[in-house]
Amino acid sequence: MAYWLMKSEPDAFSIDDLASRPEQTEHWDGVRNYQARNMMRDQMKMGDRIFFYHSGCKVPAIVGVAEVVKESYPDFTAFDASSKYYDPKSTEENPRWFMVDVKFVEKFKRAIPLKQLKTMPELNELALVKKGCRLSIMPVADHEWQAISKLNQ
DNA sequence: GCCAACGTTGGC
DNA sequence: GCCAACGTTGGC
């Protein structure tokens with residue numbers, strides 16, 4: 001089983017939104033970055049665990065955990081001309097963008113702010129804390145997952 | 001709201 | 001295939 005971190009702007013889609021969805025499950029649409037797409041399409045597997053991260057907000061933070069419940073399939077919002085994620089270069093015959101379904105697992109009692117993550121030597125190699133990291137989906141190493149999970153006790 | 005960092009686009 | 005211009009991300 002692998003570990004991941006996925007960013008979302010809480011104004012657009014927060015962990016509370018995920019928790020209140022039917023089956024507490026939602027498709028992760030709108031990824032329009034090739035690196036992030038490749039990870040979703042090629043590497044994310046059923047049961048993989050995901051840190052849910054809130055970005056672009058007052059206190060950027062890891063706020064909880066989700067899991068992969070459906071492996072990659074075409075992101076249909078790319079086919080929809082009325083969607084803000086519409087991409088005419090992605091077609092049903094030859095889809096360019098993919099998504100997975102994720103299910104709510106838990107919300108942390110206390111969110112773990114980016115500021116705190118940056119102080120942890122165990123996380124020096126985590127892409128999230130590196131300068132200028134704009135990846136919206138990134139792998140999390142086992143030891144990084146454990147170190148962060150410990151803060152939720 | 002600012003701005004640095006980065007990805008993408010497109011001219012050459 | 002290089003690189004300048006541009007758009008976007010995301011922390012602050």
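The structure displayed is predicted, hence computed values, not measured ones. Naming convention: chains lettered A, B, ... in sequence-line order (proteins, then strands); numbering from 1 in each chain.
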Side chain of K89(A) (C-beta onward), nearest among dG11(C), dT8(B), dT9(B): dT9(B)
Sugar-phosphate, base or nothing in reach of E9(A), heavy atoms under 4.0 Å: nothing
T77(A) and R32(A) side chains, donor-acceptor separation under 3.5 Å: yes
F76(A) and Y73(A) aromatic ring geometry - parallel, tilted or perpendicular at 30°/60° bounds: tilted
Spatial distance of atom CG (D87(A)) from atom CZ (F79(A)) [nearest 0.5 Å]: 9.5 Å
Between C1' of dA4(B) and NZ of K131(A), the distance in whole Å: 8 Å
K118(A) NZ to dG10(C) C1', straight-line distance once rounded to whole Å: 10 Å
Nearest-Å distance for atom pair CZ/P, residues R96(A) and dT8(B): 10 Å
For atom OH of Y85(A) and atom C1' of dT9(C), their distance in whole Å: 13 Å
Separation of atom CG in L114(A) from atom C1' in dT9(C), rounded to whole Å: 14 Å
F13(A) and F52(A) aromatic ring geometry - parallel, tilted or perpendicular at 30°/60° bounds: tilted
Donor + acceptor pair across side chains of Y85(A), D80(A) (<3.5 Å): no
Test item: side-chain donor near acceptor, R96(A) and Y34(A), under 3.5 Å: yes
Atom pair distance, as rounded to whole Å: CG in N33(A) and C1' in dG7(C): 13 Å
Those residues of residues 48-62 of chain A lying under 4.0 Å from DNA chain C by at least one heavy atom: Y53(A), S55(A), G56(A), P60(A)
Atom-to-atom span, CG of L117(A) to P of dC12(C) - whole angstrom: 11 Å
Whole-Å gap separating C1' (dA5(B)) and NZ (K7(A)): 11 Å
